[in-house]
Amino acid sequence: MRTIEFRGRHVETGEWVYGSLLDGDIIVSGPVDVDEEYIGLSEWCSVDPKTIGQYIGLRDKNGKEIYEGDIIKITFDTNFAEKPFYFGKVVYGAESGYPAFDLDPWIDCEMNALGWLKSESDESVVSYEVIGNFYENPDILANQT
């Protein structure tokens, strides 16, 4: 079963919070510590709506969950590919008429790039990993050629 989880940056602390999405806020599950006393099973956290991203169901080479807005580095075997690396942002393409998660800029791999990575069918791909996210590290993509 696929986990439906979201993350967003807390409006007061700037920390990333993870959980369910409800009315633009994140509901964090688990014991909540208030004044050093556990009082409940969840916490309602107001988050910056621009930072909300969904878990896409994939983990990188280090086991890290990949979320919408993450920046992915794909390492290629240069015996099979002309460039050693690709850098892209995980996006949800509904606004452009493509309601699925994919990478931007687009990789010409004749299918959805994230499905292509998950299939592990391309021998040119050595690994892929999250190296940051667009909200904290927008310069990563700007500095790539």
Side-chain angles (χ1 to χ4, degrees), residues 1-33 38 40-145:
M1 185 169 160
R2 186 168 73 94
T3 301
I4 307 295
E5 184 174 69
F6 293 84
R7 74 168 179 203
R9 288 184 83 176
H10 195 284
V11 293
E12 293 175 12
T13 67
E15 296 293 319
W16 288 99
V17 293
Y18 299 81
S20 300
L21 183 66
L22 181 63
D23 292 330
D25 291 325
I26 302 286
I27 308 299
V28 179
S29 299
V32 176
D33 185 4
Y38 292 102
L41 297 177
S42 62
E43 177 182 6
W44 188 289
C45 297
S46 293
V47 295
D48 178 349
K50 295 181 298 229
T51 66
I52 296 172
Q54 185 175 350
Y55 171 53
I56 68 166
L58 285 178
R59 292 178 182 264
D60 73 0
K61 73 176 190 173
N62 302 311
K64 183 175 180 159
E65 293 180 341
I66 301 174
Y67 284 81
E68 180 181 4
D70 279 341
I71 298 173
I72 304 295
K73 176 184 178 185
I74 301 172
T75 302
F76 293 103
D77 180 336
T78 53
N79 290 321
F80 298 100
E82 62 183 66
K83 292 186 176 183
F85 304 108
Y86 161 88
F87 298 85
K89 179 173 100 171
V90 177
V91 296
Y92 186 70
E95 290 179 8
S96 62
Y98 183 66
F101 293 107
D102 208 340
L103 294 175
D104 181 36
W106 183 71
I107 298 176
D108 187 8
C109 57
E110 300 181 10
M111 64 188 294
N112 177 290
L114 296 170
W116 168 70
L117 288 174
K118 187 174 181 175
S119 74
E120 299 179 354
S121 62
D122 190 330
E123 59 188 15
S124 70
V125 176
V126 174
S127 66
Y128 57 96
E129 66 181 312
V130 174
I131 60 168
N133 67 66
F134 184 73
Y135 312 105
E136 294 175 314
N137 317 101
D139 56 316
I140 292 175
L141 290 176
N143 294 329
Q144 301 310 312
T145 57

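Residue numbers count from 1 along this sequence. All values below were derived from every heavy atom in this structure, side-chain atoms included, with hydrogens, water molecules and symmetry-related copies excluded.
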Report task. Determine the minimum heavy-atom distance between E123 and D77, stating which atoms define it. Result -> O-CB, 4.4 Å

Query raised in the report: Looking at P99 and G97, what are the two nearest heavy atoms and their distance?
Result: CD-O, 3.6 Å

Report summary line: Rounded to the nearest 0.5 angstrom, the CG-CD1 distance for D48 and I26 is 11.0 Å

**Report entry** K89 NZ to L103 CG distance, which is reported to the nearest 0.5 Å
**Finding:** 11.5 Å

Requested in this report: Taking the side chain as every heavy atom from C-beta outward, state whether D60 and I72 have any atom pair closer than 4.5 Å.
Outcome: no

Requested in this report: Answer yes or no: is there a donor N or O on one side and an acceptor on the other, between the side chain of D102 and the main chain of A113, under 3.5 Å?
Outcome: yes

Query raised in the report: So which heavy atom on P105 is nearest to which on G88, and how close?
Result: CD-CA, 4.2 Å

Query raised in the report: Quick one: are E68 and F101 in side-chain contact, heavy atoms under 4.5 Å?
Result: yes

Report summary line: So CD1 of I107 and CG of L117: to nearest 0.5 Å the spacing works out to 6.0 Å

Report task. Report yes if some heavy atom in the side chain of F87 is under 4.5 Å from a heavy atom in the side chain of I131; otherwise report no. Result -> yes

Report task. Begin with the C-alpha distance, continue with both residues' side-chain angles, and end with the deciding distance and a verdict on side-chain contact (heavy atoms from CB on, under 4.5 Å) for W16 and Y67. Result -> CA-CA 12 Å; W16 288 99; Y67 284 81; over 6 Å; no

Query - Greater than 12 external heavy atoms within 6.0 Å of F134's CZ - result: no

Query raised in the report: For the side chain of T51 and the backbone of R9, is there at least one donor-acceptor N/O pair under 3.5 Å apart?
Result: yes

Query raised in the report: Quick check: does any side chain N or O of N62 sit under 3.5 Å from a backbone N or O of K64, one acting as donor and the other as acceptor?
Result: no

Requested in this report: To the nearest 0.5 Å, tell me how far L58 CG sits from I66 CD1.
Outcome: 5.0 Å

Report task. Decide yes or no for F6 and V47: does some side-chain heavy atom of the first lie under 4.5 Å from some side-chain heavy atom of the second? Result -> no

Query - Minimum side-chain heavy-atom gap N133-I71 below 4.5 Å - result: no

Query raised in the report: So how far is it from E129 CD to D70 CG, rounded to the nearest 0.5 Å?
Result: 11.5 Å

Report task. For the pair N112 (side chain) and G115 (backbone), establish whether a donor and an acceptor sit closer than 3.5 Å, ignoring hydrogens and angles. Result -> yes

Report summary line: side chain to side chain contact (heavy atoms under 4.5 Å, CB included) test vs F85 passes for just one of I74, T75, V126, namely T75

**Report entry** Stepwise side-chain contact (heavy atoms from CB on, under 4.5 Å) check, E65 with R7
**Finding:** CA-CA 11 Å; E65 293 180 341; R7 74 168 179 203; over 6 Å; no

Query raised in the report: Which atoms form the tightest heavy-atom contact between H10 and C45, and what is the distance?
Result: CD2-CB, 3.8 Å

